[in-house]
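The block underneath contains the structure these notes are about, expressed in structure tokens.
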Amino acid sequence: MSSHVRTRFAPSPTGYMHIGGMRTALFCWLFARHHGGTFILRIDDTDQQRNTEAALIPILRAFDWLGLNWDEGPEYHSYSQTINLSLQQFISYGDYGPYYQSQRKEIYDRELNRLLVTRKAYRDFDPPEKFAEGRALAEKEKRVFLNERTWLDASDAEIQKQLDAGTPYVVRFAIPREHTVVINDHVRGEVKFDAGLMADPVIVRTGGMPLYNFATVVDDGLMKITHVIRAEEHLSNTPLQAMLHEALGYKMPEFAHIPFVAAPGGKEKLSKRKLDQYKKNPAFAKLFNIGSDVFPKLGLEQAAGLDPVMVEFYEKSGFLPAGVLNALVRLGWSLDDKTEHFSLEDMIREFSLERVIKAAAGLDPEKLLSYEAYWMGKLTLEEKLDGCLPFLAKAGYIKPFDDDVTGQELAEINQVIGDSQAFLSDVFLNVLRFDDVTRLEVAKVIEAIGDRLTVFSDVLRFDEFFVADDEMTWDEKGFEKRITKAEGAADLLFDLSGVILNSDIAGASDFDRVVHQFVEQRGLQIGQIIHALRLSVTGKTSGVGMFEAMELLGKERCVRRMERTVEKAKG
RNA sequence: GGCCCCAUCGUCUAGCCCGGUCCAGGACACCGGAUUUUCAGUCCGAGAACAGGGGUUCGAAUCCCCUUGGGGUCACCA
């Protein structure tokens, strides 16, 4: 039945995983999983310039982080095991490998030769200028450019002569110009292209390296890809690829061109180059702000160069994979008129290409955050704790144990990865361990924070529970409003601190009782002191429940902080 | 510019293929109210869209055509 479905995602190692690409990958993955098929990760690295290994890690990690596994592709050990990372890991598994295009040169050569002997492709010995000039002229005259094909019908002897002379050449595919290519796209429906309008494209460059369109077709064909699911910008490559498939005698895959992820407030493709523009979008700015709040505290700052276009950004800011996944799947796809929340299992069960929408959709940071909040709410306290601990540790609020081992592990990783800072801090976050006392204390704070936690890094905003009393700072404006300008606030605080000090207090309800008694005796409303109290104890104008906060800190620390506040107010 | 794609609330979308049940449904955001010592949350409520113009039809968001607008792509990049 449909158990033969094979889909692939073919990223090129760019050093980061694009959030839009991730959405495409998700759809590919979902389609394969839904049909019990095979999902393949293939590395488009015909470029060869870059350090493939280092540039690939963030991409593989993104898949790993979101829980999208692949059946064939580069070998990779889940990041809890990355400590043992070594270059040997960058081999591939699966029966249709290698899965790195840079390792498939012989295959391309072989397939190219089949095209050459049947004259479906030909060596073009003309200098590149000739082609460029022809095109420029055509453009000037406002007509369609078709190249001359001087070498298409050259005799074997002529060709051999050029070959012997060492004349550089490219290989062009001879477009069957009479052809009208009809693509039956799963998302777009029937799309027609007139091959008569297309110049013969280079498929192998001087030097013999294949170009994208050729390599892709060879790989898709030989890897028995049944469904090419990719972003819409590839739609115009499709007729060429379809013709190549035909010329090579492969079974034509089915195509599905899904809309790309658009930039906030527009319809343009989301691009890393336009980040400055995105910052002006209020909703998007929110995302940037999470980063600029959190990363410095984690010591990431510039080094990491993270932004919301990269999947890594979300991981490092403590987003939940479930929320990100949910947001991505709803971008261009829906099940019906009401279902909003999908776990990975739900998505696998329900996903279908038929329900993919045609128009580009902008990533909505607000909605992403709301999905985060939803899935965060589904977590147990223990799970929240595990998510928050690394952030607190990285920010220096709590201490992990096993520090030595961590340092050593890091050194090892550093050796392999070089200076990829972003990756380092990443691994660091995930190898930390904490003792039970620390865990218990933090758990109490997280419990008090409750729904105020949307992403894990939100815990850092509650630093009042982690800083020493003498190092706690006050919100400037809040201090002025609630203490300086509030008549008698300082005196009230002073008196209250005395009362608290002399009371028998064990928990939140005791604080509650004592403070209420205090205001009643003076004929005041609770509202007349609560703000000053909060400010003096936490330094903030808002936060967790007042008396819960006090319980977390304990009587002595509350009193000390109140005294400090009074000093500051008087001094 | 050529080729191709797209077009429902501010945003993500349902409805469109198989015209009437849609004076267009949901979610996020926003606004108002309730709850609360604050924030968040929760609950209740409000406002908010078929790009325009022609057809076809008894009847069109739904079918056809045109216009407009937006976007993608046009490399010896992927």
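Order of the sequence lines fixes the chain letters, A, B, ..., with proteins taken first and strands second; residue numbering starts at 1 for each chain. This structure is a prediction, so every number in the text was calculated from the model and none was measured.
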Who is the Watson-Crick or G-U wobble partner of [N], with both distances under 3.5 Å?
N      : answer
B:rG41 : B:rU35
B:rC17 : none
B:rU68 : B:rA7
B:rA49 : none
B:rU56 : none
B:rG2  : B:rU73

Take atom [atom1] of [X] and atom [atom2] of [N], then tell me their distance rounded to the nearest Å.
X        : N      : atom1 : atom2 : value
A:Leu533 : B:rC39 : CG    : P     : 16 Å
A:Leu211 : B:rC74 : CG    : P     : 12 Å
A:Leu112 : B:rC76 : CG    : P     : 16 Å
A:Lys481 : B:rU38 : NZ    : C1'   : 10 Å
A:Asp458 : B:rC39 : CG    : P     : 17 Å
A:Asp200 : B:rA75 : CG    : C1'   : 15 Å

### Task
Could you grab the distance from atom CG of A:Leu112 to atom NZ of A:Lys120, nearest 0.5 Å is fine?
13.0 Å
### Task
Would you please name every residue forming a salt bridge (charged side-chain N to carboxylate O under 4.0 Å, His left out) with A:Glu447, sequence neighbours left out?
none
### A:Asp293 side-chain N/O to A:Ile290 backbone N/O, donor-acceptor pair under 3.5 Å
no
Out of [options], which nucleotide sits closest to the side chain of [X]?
X        : options                : answer
A:Lys269 : B:rU37, B:rU13, B:rU73 : B:rU73
A:His234 : B:rU38, B:rA78, B:rG71 : B:rA78
A:Arg355 : B:rG15, B:rC12, B:rU73 : B:rG15

Residues 517-526 of chain A, side-chain donor-acceptor partners within the protein, below 3.5 Å, at least two apart:
from: A:Arg522; atom 1: NH1; to: A:Asp495; atom 2: OD2; distance (Å): 3.0
from: A:Arg522; atom 1: NH2; to: A:Asp495; atom 2: OD2; distance (Å): 3.0

For [X] versus [Y], what's the shortest heavy-atom pair and its separation?
X        : Y        : result
A:Ser236 : A:Pro239 : O-CD, 3.6 Å
A:Pro98  : A:Arg104 : O-NH1, 2.8 Å
A:Ala489 : A:Ala532 : CB-CB, 4.3 Å

Scan [range] for pairs that pass side-chain hydrogen bond (donor to acceptor under 3.5 Å, both in side chains), counting only residues two or more places apart or in two chains.
range                       : value
residues 171-187 of chain A : A:Asp124-A:Arg172, A:Asn147-A:Arg177, A:Asp185-A:His257, A:His186-A:Glu254
residues 16-27 of chain A   : none
residues 349-359 of chain A : A:Asp346-A:Arg349

### Query
Does the pair A:Glu111 and A:Leu222 meet the rule for a side-chain contact (heavy atoms from CB on, under 4.5 Å), with working shown?
CA-CA 10 Å; A:Glu111 296 299 288; A:Leu222 264 22; 4.1 Å; yes
At under 4.0 Å between heavy atoms, what does [X] touch on the DNA or RNA strands: base, sugar-phosphate, or nothing?
X        : answer
A:Phe145 : nothing
A:Gly362 : sugar-phosphate
A:Gly332 : sugar-phosphate

### Message
Once side chain to side chain contact (heavy atoms under 4.5 Å, CB included) is applied, do any residues pair with A:Glu372, and if so which ones, sequence neighbours excluded?
### Response
A:Phe319, A:Leu320, A:Val324, A:Leu368, A:Thr454, A:Val455
### Counterpart residues, side chain to side chain contact (heavy atoms under 4.5 Å, CB included), relative to A:Asn237 (two or more places apart)
A:Tyr212, A:Asn213, A:His234, A:Gln241
#### Entry: A:Phe125/A:Trp151 aromatic ring centres below 6.0 Å
yes
### Task
Measure from the ring center of A:Trp333 to the ring center of A:Phe342 and say whether it is less than 6.0 Å.
yes
### Message
Would you call the rings of A:Phe547 and A:His516 parallel, tilted or perpendicular, taking 30° and 60° as the class edges?
### Response
tilted
### Task
Describe, in one word, how the ring planes of A:His341 and A:Tyr371 are oriented to each other, choosing from parallel (under 30°), tilted (30 to 60°) and perpendicular (over 60°).
perpendicular
### Along RNA chain B (nearest heavy atom to each residue), the more 5'-positioned of A:Leu331 and A:Gly207
A:Leu331
### Message
With nearest nucleotide decided by heavy atoms, which residue, A:Lys142 or A:Ser334, maps closer to the 5′ end of RNA chain B?
### Response
A:Lys142
### Query
Which residues within residues 127-136 of chain A lie with some heavy atom under 4.0 Å of an atom in RNA chain B?
A:Pro128, A:Arg135
### Message
Does A:Ile40 form a side-chain contact (heavy atoms from CB on, under 4.5 Å) with A:Trp70? I'd like the steps, not just the answer.
### Response
CA-CA 6 Å; A:Ile40 298 150; A:Trp70 55 98; over 6 Å; no
### Message
Using the C1' atom as the point on both nucleotides, what is the distance between B:rG25 and B:rG69, in whole Å?
### Response
27 Å
### Inter-nucleotide C1' distance (B:rC16, B:rA60), Å rounded
10 Å
When you compare the protein's N or O atoms with those of nucleotides 23-28 of chain B, which come within less than 3.5 Å of each other, and at what distance?
from: B:rG25; atom 1: N2; to: A:Asp337; atom 2: O; distance (Å): 3.3
from: B:rG26; atom 1: N2; to: A:Glu340; atom 2: OE2; distance (Å): 3.1
from: B:rA27; atom 1: O4'; to: A:Glu340; atom 2: OE2; distance (Å): 3.3
from: B:rA27; atom 1: N3; to: A:Lys367; atom 2: NZ; distance (Å): 2.7

Please list each protein N or O that sits under 3.5 Å from an N or O in nucleotides 17-22 of chain B, with the distance.
none

Is there any protein nitrogen or oxygen under 3.5 Å from a nitrogen or oxygen in nucleotides 2-7 of chain B, and what are the pairs?
from: B:rC5; atom 1: O2'; to: A:Arg188; atom 2: NH1; distance (Å): 2.6
from: B:rC5; atom 1: O2'; to: A:Glu232; atom 2: OE2; distance (Å): 3.2

### Query
Reading nucleotides 40-47 of chain B 5' to 3', which nucleotides get B (base under 4.0 Å from a protein heavy atom), which S (sugar-phosphate only), which -?
SS------
### Query
Between A:Arg205 and B:rC77, does any side-chain N or O lie under 4.0 Å from OP1 or OP2?
yes
### Task
Kindly say whether, by distance alone, the side chain of A:Asn237 makes a donor-acceptor pair under 3.5 Å with the base of B:rA78?
yes
